[in-house]
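Values below: every heavy atom of this structure, side chains too, minus hydrogens, waters and symmetry copies.
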Amino acid sequence: MKRRLLGAIAAAAVAATTLTPTAAHAADPAYQVLVFSKTAGFRHDSIPQGIAAIQAIGSANNFTVTATEDAGAFTAGNLANFKAVVFLSTTGDVLNATQQTAFENYVNGGGGYVGVHAAADTEYDWSYYGNLVGAWFQSHPAIQTATIRTEDRAHAATAHLGGTWSRSDEWYSYRTNPRNSAKILQNLDESSYSGGGMGDHPITWCKNVNNGRSFYTGLGHTQSTYGETAFRTLLLGGIRYAAGWAKQDCRVETGYTPIYNGSTTGWSQAGPGSFTNSDATLKSTGGMGMLWYSAKEYGSYSLKLDWKMDGDDNSGIFVGFPSSTNPQSAIDNGYEIQIDATDTSDKTTGSVYGFKSADVGARDAALNPPGEWNGYEILVEGERLRVYLNGRLINDFTNTVANRSLVQGYIGIQNHGTGDDVSFRNIRIKELSGNPPQQPATIEAESYTSNSGVQPAGHAAASGGTTVGYIDNGDWVGYSNFSTAGKNSFSARVSSGGPGGTITIRAGSQTGTVLGTVNVPNTGSWDTFQTVTTSLNSNASGPLFLTFSGGSGALLDVDTITLTTGSTPTQTTVQGEAATSQSGTQIAAHGPAVGGQTLGHIDNGDWAGYTQVTANGATRITVRYSSAGPGGQIQVRAGSATGTQIGTVTIPNTGSWDTFQSVSANLTSSASGAIFLRFTGGSGSLFDVDQFTIEK
């Protein structure tokens with residue numbers, strides 16, 4: 001049994017009412033919540049009702065409550081027992097410096113905070129707490145009825161509410177507006193009551209704080225508030241979010257234009273079936289058709305929308321398709337971001353349907369189950385399409401097919417068929433200005449549309465298991481759907497057990513304008529791959545062609561090809577063995593390694609730090625590695641071996657310690673500090689790290 005703090009554990013003075021929200025979500029695993037209600041200033045007479053209400057909510061929703069006013073509860077050992085800590089109308093200076101540090105570490109390490117009402121009237125001299133709560137209290141008028149407007153109807157705390165909610169409470173104004181630092185869930189209509197003064201007046205919000213989660217609501221002054229079913233459901237959603245069970249996108253959101261929030265003006269139905277439109281919610285019925293926003297075509301943009309499946313249902317969001325009354329046109333000329341609980345990995349939730357699976361681990365960690373709302377962000381920049389689920393990146397896809405260009409197109413939602421019922425809310429979009437940043441466009445080299453002399457070659461270590469092989473001096477390949485227009489960088493993943501050679505990059509034909517050349521060395525074997533890169537120095541356009549030159553016999557194989565557009569990113573490559581600090585590793589000699597050495601003898605829990613490169617602005621890591629062991633994972637961290645984790649790289653077995661492969665992963669945090677690699681996996685030596693590249 002987990003240890004509980006003894007001492008001032010307050011028993012609720014008021015018996016729980018029967019107005020406990022019925023769980024409308026999948027049962028959460030059992031967990032514990034700490035309710036802290038110490039006051040050093042004004043004391044609310046509703047605190048006992050608040051404790052009783054949270055205890056009743058917990059009894060109905062699989063969490064137990066420890067209520068205390070003893071600040072001694074704030075130790076690392078005790079806080080570790082709780083998934084979330086509720087500050088229930090605390091006031092004044094309630095924690096000393098040591099207790100504050102313990103709580104900071106708890107939240108930064110992944111703990112949850114819930115602030116209720118006067119939690120904003122607490123710890124004015126503790127800057128960390130000011131950021132955590134989101135805004136400090138300034139003033140309030142007399143208790144009166146006001147109208148609350150719901151901005152986010154997908155969050156677990158507010159999904160049960162309509163667009164407006166009229167109720168009586170003590171309405172706080174705040175010293176600062178939290179809109180630029182938190183996701184606003186509710187705001188007050190200041191015209192509905194007297195004494196506001198903020199103008200834009202948030203009242204409930206959530207935010208990410210390092211690895212932790214924060215939820216705050218200004219509601220909760222009166223005793224009667226805690227007997228309201230709607231308020232209890234709001235409080236339950238905030239606790240579930242803070243505890244990590246309800247997955248939500250609590251990133252700051254500004255600059256979006258609604259294109260559906262109850263009105264279907266500008267939308268057109270293509271094909272059979274339709275959508276019902278009730279309570280500012282679209283729900284698919286029949287099919288197979290599509291409701292598309294025919295009022296405007298979009299280029300680079302961020303599209304956000306909320307969706308919910310009732311069970312094992314099917315739908316999707318189409319992007320990048322031309323104007324058409326036939327939904328098949330969207331299927332043939334655009335891309336669908338899938339919503340489907342059960343199918344193959346390239347056709348389930350988060351996939352670019354039929355083209356690229358989501359990162360299944362990241363998707364599963366971010367996904368709410370059927371019956372609960374989820375949020376997508378679909379970010380389109382040039383030909384690059386990224387999918388975020390409840391704020392977490394789960395798919396990063398680049399189009400390479402000319403007739404499916406994402407540079408301009410329409411947006412639509414699918415009604416898949418009878419029984420495939422998916423609901424949508426709050427569809428909004430933000431157009432992105434300026435030139436898109438560098439976007440990689442990668443294709444399989446064996447997907448050529450014309451050639452001379454080459455053949456596909458099977459290699460287990462290759463992407464897709466196949467390369468362009470049997471390349472001799474004078475051979476060439478062409479790619480009619482892979483344009484060189486605007487591209488300023490070329491890279492290719494290559495191998496060579498022969499003499500190597502030169503790849504010449506051309507535009508338009510095998511004798512067209514030369515854009516650049518790159519040399520390919522002998523890599524040690526046909527199954528040992530490296531990446532070669534060169535800048536492109538001409539603005540000629542046309543399909544990509546590669547010509548090959550060198551000595552006699554088979555020169556080299558080409559696995560994948562990448563062309564990039566826009567400003568060239570900064571790339572820093574560091575040898576694995578060049579660690580400036582480490583624990584448990586040793587340098588290992590390997591002939592095929594770059595420089596002949598690797599960071600080796602890596603066991604579970606070992607780590608290595610590299611002051612040569614920082615996490616500041618890092619967006620992607622590529623690791624060259626080998627493994628004859630079980631493989632494992634590399635946690636990419638900022639600042640220290642236990643610092644903020646900004647990405648994870650999965651390392652499989654490569655067949656031998658001398659067989660090297662490369663793998664890439666996105667880095668998704670804005671943390672700063674030197675790069676540290678922490679290694680996890682099974683027993684024994686896991687893998688060797690030859691080198692890694694950080695892209696910014």
Side-chain angles (χ1 to χ4, degrees), residues 398 400 440-482 484 487 489-506 510 514-534 536 543-564 573 590-594 596 622-628 652-664 690-691 693:
T398 301
T400 61
T442 300
I443 61 170
E444 297 292 334
E446 66 272 16
S447 66
Y448 52 78
T449 55
S450 59
N451 82 93
S452 175
V454 305
Q455 299 177 45
H459 292 282
S463 172
T466 307
T467 67
V468 171
Y470 305 96
I471 296 172
D472 295 330
N473 181 55
D475 290 348
W476 58 267
V477 289
Y479 303 87
S480 63
N481 293 324
F482 202 30
T484 61
K487 305 299 191 294
S489 180
F490 167 92
S491 63
R493 188 168 185 258
V494 297
S495 69
S496 176
T502 299
I503 301 174
T504 300
I505 303 99
R506 298 176 180 268
Q510 67 271 29
V514 174
L515 306 180
T517 61
V518 65
N519 292 323
V520 177
N522 178 290
T523 63
S525 80
W526 294 107
D527 288 313
T528 301
F529 287 87
Q530 296 182 14
T531 299
V532 293
T533 302
T534 187
L536 302 181
L544 173 70
F545 280 77
L546 305 180
T547 58
F548 306 105
S549 58
S552 60
L555 306 179
L556 55 101
D557 280 11
V558 182
D559 183 16
T560 60
I561 300 164
T562 300
L563 296 179
T564 53
T573 298
H590 292 283
V594 176
T622 300
V623 181
R624 187 170 190 262
Y625 65 93
S626 68
S627 176
N653 178 290
T654 63
S656 82
W657 295 109
D658 288 318
T659 300
F660 288 86
Q661 296 183 16
S662 295
V663 65
S664 298
D690 183 14
Q691 63 181 21
T693 299

**Prompt:** Do we see a donor-acceptor contact under 3.5 Å between the side chains of Thr659 and Ser626?
**Reply:** no
**Prompt:** Within a strict 4.5 Å, meaning less than it, do heavy atoms of the Leu536 and Ile505 side chains meet?
**Reply:** yes
**Message:** With a 3.5 Å distance limit and no angle check, can you tell me whether Thr523 reaches the backbone of Ser496 through a side-chain donor-acceptor pair?
**Reply:** yes
**Prompt:** Has the side chain of Ser525 got a donor or acceptor atom that lies under 3.5 Å from a matching backbone atom of Gly497?
**Reply:** no
**Asked** Of all heavy-atom pairs between Trp526 and Ser495, which one has the smallest distance, and what is that distance?
**Response** O-OG, 2.8 Å
**Prompt:** Aromatic rings Phe545 and Trp476: how do their planes relate, parallel, tilted or perpendicular, breaks at 30° and 60°?
**Reply:** tilted
**Nearest non-hydrogen partners of Thr467 and Ala462, listed with the distance** = CG2-CB, 3.6 Å
**Message:** Do Val477 and Val558 make a side-chain contact, defined as non-hydrogen atoms from C-beta onward lying under 4.5 Å apart?
**Reply:** no
**Complete:** Nearest heavy-atom approach of Pro456 to Tyr448 is CD-OH, 3.4 Å
**Asked** Can you find a pair of side-chain heavy atoms, one from Ile561 and one from Tyr479, that are under 4.5 Å apart?
**Response** yes
**Prompt:** Quick one: CD on Gln455 to CG on Asp557, what's the gap to the nearest 0.5 Å?
**Reply:** 11.0 Å
**Request:** Drop me the distance from Phe548's CZ to Asn473's CG, to the nearest 0.5 angstrom.
**Result:** 11.5 Å
**Asked** Is any side-chain heavy atom of Thr466 less than 4.5 Å from a side-chain heavy atom of Glu444?
**Response** no
**Prompt:** Of Val532, Thr502, Thr534, Ile503, which is the lone residue that meets side chain to side chain contact (heavy atoms under 4.5 Å, CB included) with Asn519?
**Reply:** Thr502
**Item:** Minimum-distance pair of heavy atoms, taken over all atoms of Ala461 and Gln661
**Value:** CB-NE2, 3.6 Å
**Pairwise distance CD1(Ile471) to CG(Leu556) - rounded to 0.5 angstrom** = 4.5 Å
**Message:** Do Gln510 and Thr504 have side chains that approach each other closer than 4.5 Å (heavy atoms only, starting at C-beta)?
**Reply:** no
**Request:** For residues Leu563 and Phe490, determine if any side-chain heavy atom of one lies less than 4.5 Å from a side-chain heavy atom of the other.
**Result:** yes
**Spacing of OG1 belonging to Thr531 relative to CD belonging to Gln691, to within rounding of 0.5 Å** = 8.5 Å
**Message:** Checking side chain to side chain contact (heavy atoms under 4.5 Å, CB included) between Phe529 and each of Asp559, Thr560, Val494, which is the one that passes?
**Reply:** Asp559
**Item:** Donor on one side chain, acceptor on other, Asp475 and Ser452, under 3.5 Å
**Value:** no
**Request:** Enter the distance from Arg624:CZ to Thr654:OG1 here, rounded to the nearest 0.5 Å.
**Result:** 10.0 Å
**Fill in**
Here the pair of heavy atoms bringing Arg493 nearest to Ser662 is NH2-N, 3.6 Å
**Message:** Could you report the tightest heavy-atom contact between Gly469 and Ala457, atom names first, then the distance?
**Reply:** CA-CB, 4.0 Å
**Item:** Atom pair CG/OH of Asp690 and Tyr625 - distance to nearest 0.5 Å
**Value:** 12.0 Å
**Message:** I'd like to check Thr622 versus Val663 (side-chain heavy atoms, cut-off strictly below 4.5 Å). Are they in contact?
**Reply:** no
